[in-house]
Amino acid sequence: MDMPRNTFKQALQSGRLQLGLFLGMGSPLGAELLATCGYDYLLIDGEHAANDLRSIQAQLQAMAAYPVQCLVRPPNHDASLIKQLLGTGAQTLLVPMVDTAEQAQSLVRAMRYPPDGIRGVGTALERSARWNAVSDYFARVEENSCLIVQIESRLGLQNLDAIAAVEGVDAVFIGPADLAASMGYLGQPGHAEVKAAISQAILGIRAAGKAAGVFSSDPAAAQQYLAAGASFLALGADTSVLRGAAVKLLNSVRPASAGEGAAY
Ligand code: 3PY
Ligand code: MG
């Protein structure tokens with residue numbers, strides 16, 4: 001059978017805007033439901049959400065029947081975990097907390113087989129190669145693998161040019177929540193100084209010839225980041241979308257005088 005194509009990577013390479021959502025529910029049914037909504041990509045979050053290898057695998061399986069690209073965020077830089085996530089069939093990884101070019105280089109090596117990297121060879125056991133049913137897996141794996149590093153600290157911003165220049169880093173994604181914390185604005189990802197730093201970072205990433213992305217659940221900020229040159233956005237998380245819609249529905253019917261209602 002054919003190698004599954006990483007159309008997300010192709011879209012980044014050709015500068016086509018990609019709009020996505022983070023998945024934090026750990027639910028294959030939720031992932032499948034969201035796969036019908038028309039987002040270009042859905043990102044299974046393993047950094048903050050309660051996901052493990054098996055729940056990530058189940059969500060990848062649930063979304064496989066739909067024309068949506070699946071990204072995964074591991075919790076850390078562990079090369080063994082990256083090997084397992086790639087083996088599970090994740091082709092695009094968004095790796096958090098990348099502060100230096102050396103860290104980015106290590107991640108590139110974790111993504112690649114020897115002699116260019118350190119990824120172990122075990123396709124007979126891996127969904128990525130459909131257990132060796134994909135006959136040209138090794139010839140096609142690199143063109144279909146995509147590494148996005150997250151810059152989300154002052155140090156990361158200082159090292160942005162060097163990080164973005166690392167060969168094998170396909171794109172750089174800014175994490176506003178952590179960046180805001182690092183800049184002294186914990187809980188204020190929409191602070192004017194944070195937004196200005198993000199727009200500046202996007203310009204730097206583009207100048208390095210890499211695709212730039214950012215998380216923005218605020219549509220006005222999202223427009224600002226698009227204008228600065230971002231080519232992929234995460235528009236929020238399923239958890240916030242669900243909670244926001246549930247609260248809005250309730251408040252649309254509940255009499256104003258009824259207060260907040262029971263606390264569950
Ligand atoms: C952040 O905002 O810090 C994130 O990692 C989400 O994009
Ligand atoms: Mg973050």
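Atoms within a ligand are numbered from 1 in the order they appear, just like the ligands themselves.
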*Asks:* Nearest heavy-atom pair of Glu47 and Met97: which atoms, and what distance?
*Replies:* OE2-CE, 4.1 Å

*Asks:* Tell me the closest heavy-atom pair linking Gly26 and Gln59, and the distance in Å.
*Replies:* CA-NE2, 3.6 Å

*Asks:* Please find the pair of heavy atoms, one from Ile205 and one from Ala212, that lie closest to each other, and give the distance.
*Replies:* CG2-CB, 3.7 Å

*Asks:* If you link ILVMFWY side chains whenever their heavy atoms are less than 4.5 Å apart, which other residues fall into the same cluster as Phe215? By chain and number, please.
*Replies:* Phe8, Leu12, Phe22, Tyr41, Leu43, Leu71, Leu94, Ile148, Phe173, Phe232

*Asks:* Please give me the minimum heavy-atom distance between Pro4 and Arg130, naming the atom from each residue.
*Replies:* CG-NH2, 3.8 Å

*Asks:* Looking at Glu126 and Arg119, is there a salt bridge between them, counting it only when a charged N and a carboxylate O are closer than 4.0 Å?
*Replies:* yes

*Asks:* Tell me, which residues have any heavy atom less than 4.0 Å from some atom of ligand 1?
*Replies:* Arg73, Gln150, Glu152, Phe173, Gly175, Pro176, Ala177, Asp178, Phe215

*Asks:* Using 4.0 Å as the upper bound for N to carboxylate O, is an ion pair formed by Arg109 and Glu167?
*Replies:* no

*Asks:* Given a cutoff of under 4.5 Å between side-chain heavy atoms of I, L, V, M, F, W and Y, with clusters grown through shared members, what are the other residues clustered with Val247?
*Replies:* none

*Asks:* If you leave out waters, which protein N, O or S atoms are less than 2.8 Å from the Mg ion (ligand 2)?
*Replies:* Glu152 OE1, Asp178 OD2

*Asks:* Do Leu19 and Leu23 sit in one hydrophobic cluster, given that two such residues count as connected whenever their side-chain heavy atoms are within less than 4.5 Å of each other, even indirectly?
*Replies:* yes

